[in-house]
Amino acid sequence: MCGIVGYIGRKKAYPILIKGLKRLEYRGYDSAGVAMIDDNGELNVYKAKGKVSDLEECCADKNVCGCAGIAHTRWATHGEPSSANAHPHCSASGRLALIHNGIIENYATIKDNLAERGTVFRSSTDTEVLVQLVEHVMLSNGLGLLEAVQVSLRQVVGAYAIAILDKEHPDTLVCARRSSPLVVGLGEDGDFYLASDASPIAEYTDRVVYLDDGDVAVMRLGDELRVVNLENGMQHPKVKQIDIALGELEKGGFPFFMLKEIFEQPDCLRNCMRGRINVEGDHVALSAVIDHRERLAGARRIVIVACGTSWHAGLIGKQLIESLCRIPVEVEYASEFRYREPVVYPDDVVMAISQSGETADTLAAIELARKSGAFVFGICNAIGASIPRQTQTGVYIHVGPEIGVASTKAFTGQVTVLSMLALCLANERRTIPGEQYKEMVAELTRIPSKMEEALRTNEQIERLAPIFTYAKNCLYLGRGYNYPVALEGALKLKEISYIHAEGYPAAEMKHGPIALIDSEMPVFVIATRDKLYEKVISNIQEVRARGGRVTALVTAGDEQIRQLADHVIELPDTLECFQPLIVSIPLQLLAYHIAVCKGKDVDRPRNLAKSVTVE
Ligand code: AGP
């Protein structure tokens, strides 16, 4: 939800912190702040409401200096977005500054206790409560910072990734995590970097340590990283090598990350399939399936848990797995699953899908599944995130960092992994004939080129977009594999253009939403050639008969629908089960261009955050 960056070393900290915050801005962007210990040992804090660029502006005429600092970009949970509520927050004496990502659930009780002892609070955040608590524990027990942090965190209920600066110890940075991500980068000169994910660190070092739940770490300039776990005591930090191309973190000439990420999809899917589908293009092998063949192919049932776009990918996965592997699949919102006492059998496979790998509800669903004895499988994009570390096995989608808040390439990456998984399991279980299996694998390898064709609709869609900017409501219709694509198309439009949109199974329209249709209501119909094609044509007729305005996504060469629809967007043909990978492209472009026409900040839509680490 919020982004954290820290640095301690010999370089100037401010440029490192600001650049890092910009990389993490996808996590939240309603206010930002930085705390630095300057060359005279003073602790200075600068904050601004708004984006990181507003913070930069506010610091432009100030002498921000020092080699130790922490910085934060916020997505408000407790307290409105304002400069007072922005992080870092300082302790009463001004000795400590703290940044926090997460929620302190028992902050009110702690706050009342501290207030009774005379602490005066300057913000309405749960975070300030934590920094005041740490200082109170330090002063009243005569403890050092590390000990005081450990004692304080034992009193805290909730989720946190925190970093603390102490002006009495300008060469030291202390951080801790529970249920919110935190990565430490080990620099070459004994300096340390800290961030919510590896993207702000990648350009300085490729050696990182992903902290685990309960870890409290001390970074002292020129010293080894020390990690103590609140439950398990002293730890030996596991250093990992990361490999993030810096180009992947920049816009590369596109006006927005979202457009760049839409156009990257053909290459992303090639990367996703590389090493998994053989060069002949007729066999797919996933190491997770090889290593856990019996558990996965022998599953009595698969339960997919996910949120948002990842949940839509799960709905496509259900159809793929059920039709190709004949294993029953249920798809659950992780947020509902975790609280409704679901029946989970020990021979179930619970599959968690998440781009970020840090979604709080999905992590809680994994925990529940593990406790029920199910085998837990993760499909994730962010390397080293919590979900891959908390699942028994899984598959990375390997589409590179996704920065735009609206998910695009991660969605098609997830669908590609689910397609490969379904094919692998079908081959293991012999539920489809060998020839069909080979043909399907071959067709999957052709999808990236077909996506390139689909991307050629960009100019047509850019021209069409202004027509839809007036709309207050839009309806997206699809059937079969394209029903989840309709849901996803509607979600994309809502997220970035703030136009209300609904996705519906086309045949369900007559059971309610048809009442909404009039000449003001754009209706986007996915009407590619598949077994339900004729039925979707009837649905188009029903919309037309009520004066609705139809934009149809059709298979190239379709003349029949051209006669019926106001606009048609032609797409390359493919197997029905892979159509979501093609049809998603024009729907992503449509949402993007409509939002741009409306002057919206496409990469950072209001009220949203990329990584939802609170429930
Ligand atoms: C997608 O455009 C959304 N921003 C959102 O629905 C997202 O898919 C959801 O929050 C789940 O995130 P995850 O994939 O990182 O778990």
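For the single chain, residues carry numbers from 1 onward in sequence order.
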Next item on the list: Would you check, one step at a time, whether the test salt bridge (Lys or Arg N to Asp or Glu O under 4.0 Å) holds for R562 with E570?
Entry: CA-CA 10 Å; R562 191 173 285 283; E570 293 198 16; 2.5 Å; yes
Next item on the list: In sequence, state the C-alpha distance, the side-chain angles, and the governing distance for F468 and L590, and then conclude on side-chain contact (heavy atoms from CB on, under 4.5 Å).
Entry: CA-CA 9 Å; F468 304 115; L590 201 59; 4.3 Å; yes
Item checked: Verdict with supporting geometry, N482 and D530, side-chain contact (heavy atoms from CB on, under 4.5 Å) -> CA-CA 10 Å; N482 283 326; D530 53 37; 4.0 Å; yes
Margin query: Pair D601, R606 - check salt bridge (Lys or Arg N to Asp or Glu O under 4.0 Å), show working.
Written below: CA-CA 8 Å; D601 185 346; R606 71 181 178 205; over 6 Å; no
Next item on the list: Decide yes or no on side-chain contact (heavy atoms from CB on, under 4.5 Å) for L487 and W311, but give the supporting numbers first.
Entry: CA-CA 10 Å; L487 292 178; W311 184 79; 4.1 Å; yes
Item checked: CA sep, side-chain torsions, deciding dist, call: I585, N458, side-chain contact (heavy atoms from CB on, under 4.5 Å) -> CA-CA 9 Å; I585 300 254; N458 183 42; over 6 Å; no
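In this structure, OG1 on T408 lies 7.0 Å from NZ on K492, to the nearest 0.5 angstrom. Atom CD of residue Q560 and atom CD1 of residue I537 lie 3.5 Å apart, to the nearest 0.5 angstrom. Rounded to the nearest 0.5 Å, atoms CG (L575) and CG (L581) are 11.0 Å apart. Atom CG of D282 and atom NZ of K438 lie 5.5 Å apart (nearest 0.5 Å). One finds the CG atom of L553 at 10.0 Å from the OG atom of S584 (value rounded to the nearest 0.5 Å). Residue R463 holds its CZ atom at 10.5 Å from NE2 of H593, rounded to the nearest 0.5 Å.
Within a 6.0 Å sphere centred on NZ of K494, other residues, nucleotides and ligands contribute more than 12 heavy atoms. Atom NZ of K510 has more than 12 heavy atoms from other residues, nucleotides or ligands within 6.0 Å. Within 6.0 Å of NZ in K49 there are 12 or fewer heavy atoms belonging to other residues, nucleotides or ligands. At most 12 heavy atoms of other shown residues, nucleotides or ligands fall within 6.0 angstrom of atom CD in E459. In E280, the CD atom is crowded: over 12 heavy atoms of neighbouring residues, nucleotides or ligands sit closer than 6.0 Å.
Residues L425 and L421 are in side-chain contact: their nearest non-hydrogen atoms beyond the backbone lie under 4.5 Å apart. Within the 4.5 Å cutoff, the side chain of E402 has no heavy atoms near those of the E264 side chain. Counting only heavy atoms from C-beta outward, the side chains of I353 and L418 approach each other to under 4.5 Å. Side-chain contact between R23 and P401 is absent, with no heavy-atom pair separated by less than 4.5 Å. Side-chain contact between L24 and D197: present, with at least one pair of heavy atoms (C-beta onward) separated by less than 4.5 Å. Annotation: side chain of L423 is in contact with side chain of I432 (closest heavy-atom distance under 4.5 Å). Using a 4.5 Å cut-off on side-chain heavy atoms (C-beta onward), L363 and I387 make contact. Counting heavy atoms from C-beta outward, V303 and V344 have side chains that stay 4.5 Å or more apart.
E261 contributes a side-chain N or O that, together with a main-chain N or O of I403, makes up a donor-acceptor pair within less than 3.5 Å. Not a single donor-acceptor pair under 3.5 Å links the side chain of K409 to the backbone N or O of F263. Between the Q414 side chain and the G314 main chain, no donor and acceptor come within less than 3.5 Å of each other. Put simply, the side chain of E488 never gets that close to the backbone of T309: no donor and acceptor are under 3.5 Å apart. In terms of modelled atom types and a separation under 3.5 Å, the side chain of R544 and the main chain of L564 share a donor-acceptor contact. For the pair E452 (side chain) and P266 (backbone), a donor-acceptor distance under 3.5 Å is absent. Without hydrogens or angle criteria, D603 side chain to F257 main chain gives a donor-acceptor distance under 3.5 Å. A donor-acceptor contact shorter than 3.5 Å links the side chain of Q460 to the backbone of V568. Checking side-chain atoms of N381 against main-chain N and O of G357 turns up no donor-acceptor pair under 3.5 Å. Side-chain N or O atoms of S497 include none that pairs as donor or acceptor with a backbone N or O of I594 at under 3.5 Å.
S310 and Q355 form no side-chain donor-acceptor contact under 3.5 Å, judged by distance and modelled atom types alone. A side-chain donor from one of Q265 and T412 sits under 3.5 Å from a side-chain acceptor of the other. A donor-acceptor pair shorter than 3.5 Å can be found between the side chains of Y533 and D558. Side chain to side chain, D267 and N271 fail the donor-acceptor criterion of an N or O pair below 3.5 Å. Side-chain N/O atoms of R430 and N427 include a donor and acceptor closer than 3.5 Å. When only modelled atom types and interatomic distance are considered, S53 and K22 share no side-chain donor-acceptor pair under 3.5 Å. Between the side chains of Q579 and T528, at least one donor N or O lies within less than 3.5 Å of an accepting N or O.
Salt-bridge annotation for E25 and K51: absent, with no side-chain N of the basic residue lying under 4.0 Å from a carboxylate O of the acidic one. We find that E322 and K318 are joined by a salt bridge, their nearest charged nitrogen and carboxylate oxygen being less than 4.0 Å apart.
Of all heavy-atom pairs between T393 and A288, the closest is OG1-CB, 3.4 Å. The minimum heavy-atom distance linking V536 with R479 is given by the pair CG2-CD, 3.8 Å. Of all non-hydrogen atoms in Y592 and P255, the two that sit nearest each other are OH-CG, 3.5 Å. The minimum heavy-atom distance linking D573 with K450 is given by the pair O-NZ, 2.7 Å. I496 and V602 get closest at one heavy-atom pair: CG2-O, 3.5 Å. Here the closest heavy-atom approach between residue N101 and residue C2 is recorded as OD1-N, 3.2 Å.
Y345 does not carry R301 over the face of its six-membered ring by the limits of under 6.0 Å from the centre and within 45° of the normal.
With sequence neighbours excluded, the residues satisfying side chain to side chain donor-acceptor pair (under 3.5 Å) with T574 are E443.
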Exercise answer: donor-acceptor pairs, residues 513-527 side-chain atoms, under 3.5 Å, sequence neighbours excluded:
unit_1	atom_1	unit_2	atom_2	d
D518	OD1	E520	N	2.8
D518	OD1	M521	N	3.3

